[in-house]
Amino acid sequence: MTEIRKKQSLETRVIHAGEYSPRIKGAISMPIFQSSTYESSREAGYHTIPYLRLNNSPNHEVLHRKLSDLEEAESALVTASGMAAITTALLTVLKAGDHFLVQRALYGGTHTYITHDLPELGISFDFVDLLSADEWAQKIKPNTRGFYVESMTNPLLTVGDLSGVVEFAREHGLITMIDNTLPSPVNFNPATLGFDLVMHSCTKYLNGHSDIVAGAIIGRQDLVQKAKIKLDHLGGTLDPHACFLLHRGIKTLSLRVARQNQNALALATFLEQHSAVSRVNYPGLFSHPDHQRAKSLFTGYGGLLSFDHVGGAEGAHAMIDRLELAAEAVSLGGVETLITIPAESSHAGLSTEECEAFGIGAGLVRLAVGIESEQDLVQDFASAL
Ligand code: PLP
């Protein structure tokens, strides 16, 4: 296995970290091990049997080493989707009778799982504002076990007091979980701030080509090992071919995200000055209320932004119909620019009241910027608006 010194840059580590050394049969590209089972001597226990559902094929193991290196964490586990990572992590940390604190305004799928499914299992929660430590102190209970947050919220791109969360959790013995999908390991490494578990939808930036769904749980070795045992039973294993595609995608992660950071900032700056746009949400803009905090936490602001069209849903639909480069589709983090109306897509599972409470109006447009030319993207929006 290649030992990567931490002083090597991320650009080098996405290529070399965690790779087999010597290479398997000299193969430069990681081969796909399309086998559900392997010859083995009698194993020490069930969870080490080389069997595909037990998340231990060579395609899994190379990803585990690479992802833990990129997040500067102890351990990693890939999963069948981002939601498989999030639900497995929550079920690893929490059990019936436990309570946890949760950031308001989460990714729609996570919000629905926490509000609808976890209470059926006897797990309770309270939503909190990530800027109000007073509220955390008011809502904490004797049975509070965890604190669940996102690095940046989707689609409004707010950035909470993440250092404060870690400090508060340490003081009260809570396990911290963070969804770091939006910044990707290029822009932020929450484990270095002290987060216990870092989750990714690898469907997004890590894979980067909108051709698989995948997830990861990364962080403290003891917790990732518990999550592996949970996942072995739940069965949310990533298929070897998807492992191969994710591994290939990660090799260009730093190049892609650098371009996406640049394109998103250019588009946000352009949109902010346009008369058909009433508000732009992008933490890289000086006007964003969380800009200073984002600047202190992240090395780049990511490829996602959102804005309100002055013409509401009707104006937003008309603009989307006129765009030539941006395709109307859910998801983010791929090389193609995608656009959606969150109230009609990612947050359609929420009621109108819930959406409004989160500041997600009918005319809010979310833009997941790709790696096309900055000038061509700005021109496309200039024409469509
Ligand atoms: N977390 C965030 C921030 C997301 O945007 C998404 C999907 O859009 C998920 C998690 C869920 O990921 P997946 O679709 O891979 O299950």
Side-chain angles (χ1 to χ4, degrees), residues 63 67 71 77-91 102-115 117 130 148-160 162 177-188 190 195 197-218 227 231 234-239 242-243 245-246 249-250 257 260 264 281 283 298 301-306 327-334 336 338-350 358 360 364 366-370:
L63 280 170
L67 286 167
E71 277 292 19
L77 172 71
V78 288
T79 61
S81 67
M83 281 309 294
I86 290 164
T87 54
T88 304
L90 287 166
L91 294 174
V102 184
Q103 172 175 16
R104 263 189 208 100
L106 295 170
Y107 164 64
T110 310
H111 176 92
T112 310
Y113 183 72
I114 288 175
T115 53
D117 295 26
L130 277 208
Y148 185 97
V149 304
E150 294 180 354
S151 311
M152 293 186 197
T153 62
N154 168 18
L156 294 177
L157 290 311
T158 62
V159 181
L162 302 179
M177 293 167 271
I178 185 165
D179 180 336
N180 195 38
T181 301
L182 266 45
S184 91
V186 176
N187 289 328
F188 183 43
F195 276 93
L197 286 178
V198 180
M199 276 76 70
H200 280 279
S201 167
C202 302
T203 311
K204 312 298 189 300
Y205 294 99
L206 279 157
N207 177 60
H209 292 76
S210 304
D211 50 12
I212 58 164
V213 292
I217 303 172
I218 307 169
L231 190 70
L234 293 172
T237 301
L238 191 63
D239 172 81
C243 286
L245 289 172
L246 174 57
I250 291 172
V257 172
Q260 282 161 317
N281 307 301
F298 308 147
Y301 303 102
L304 200 68
L305 62 103
S306 62
E328 187 172 6
V330 295
S331 203
L332 56 112
E336 300 87 0
L338 302 180
I339 195 161
T340 56
I341 298 184
E344 299 170 11
S345 55
S346 59
H347 289 67
L350 275 64
F358 292 152
I360 300 168
L364 184 78
R366 190 191 77 177
L367 186 55
V369 179

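Ligands are counted one by one from 1 in listed order, and the atoms in each one are counted from 1 as well. Below, all heavy atoms of this structure are taken into account, side chains as well, without hydrogens, waters or symmetry copies.
The shortest N or O to N or O distance between Leu332 and ligand 1 is not under 3.5 Å. For a threshold of 3.5 Å applied to N or O pairs, the pair formed by Asp179 and ligand 1 contains at least one separation below that value.
Nearest protein heavy-atom neighbour of atom 15 (O) of ligand 1: Thr203 OG1, 2.6 Å. When hydrogens are left out, the protein atom nearest atom 16 (O) of ligand 1 is Met83 N, 2.8 Å; that is the closest non-hydrogen contact. The nearest heavy-atom contact from the protein to atom 4 (C) of ligand 1 is Tyr107 CD1, 3.6 Å.
With values rounded to the nearest 0.5 angstrom, Met83 atom CE is found 9.5 Å from Thr88 atom OG1. Atom CD1 of Ile86 and atom CD of Glu150 lie 7.0 Å apart (nearest 0.5 Å). Leu231 CG to Thr87 OG1: the interatomic distance, rounded to the nearest 0.5 Å, is 8.5 Å. Here the CD1 atom belonging to Ile218 is positioned 5.0 Å from the CD atom belonging to Glu71, to the nearest 0.5 angstrom. Rounding to the nearest 0.5 Å places CG of Asn207 at 5.0 Å from CG of Asp211.
Panel note: side chain Thr340, backbone Val330; no donor-acceptor pair is recorded below 3.5 Å. Between the side chain of Gln260 and the main chain of Gly334, a donor-acceptor pair closer than 3.5 Å is present.
Near Asn154, meaning under 4.0 Å from one of its heavy atoms, ligand 1 places the atoms 5 (O). Residue contact check: Ile86 has heavy atoms under 4.0 Å from atoms 10 (C) of ligand 1. Listed by number with element, the atoms of ligand 1 under 4.0 angstrom from any heavy atom of Ser81 are 15 (O), 16 (O). If you number the atoms of ligand 1 from 1 as listed, the ones under 4.0 Å from a heavy atom of Leu182 come out as 3 (C).
Residues Tyr205 and Val186 are not in side-chain contact: their nearest non-hydrogen atoms beyond the backbone lie 4.5 Å or more apart.
Residue Lys204 touches ligand 1 through its side chain alone, judged by heavy-atom distances below 4.0 Å. Residue contacts with ligand 1 for Val330 are absent, since no atom lies close enough (heavy atoms, distance under 4.0 Å). Heavy atoms of Thr110 found under 4.0 angstrom from ligand 1: none, in either backbone or side chain.
Just one of Asp179, Asn180, Thr181, Asn187 meets the side-chain hydrogen bond (donor to acceptor under 3.5 Å, both in side chains) condition when paired with Ser151; it is Asn180.
Proximity annotation for atom 12 (O) of ligand 1: of Ala80, Ser201, Gly215, Ser201 comes nearest, heavy atoms only.
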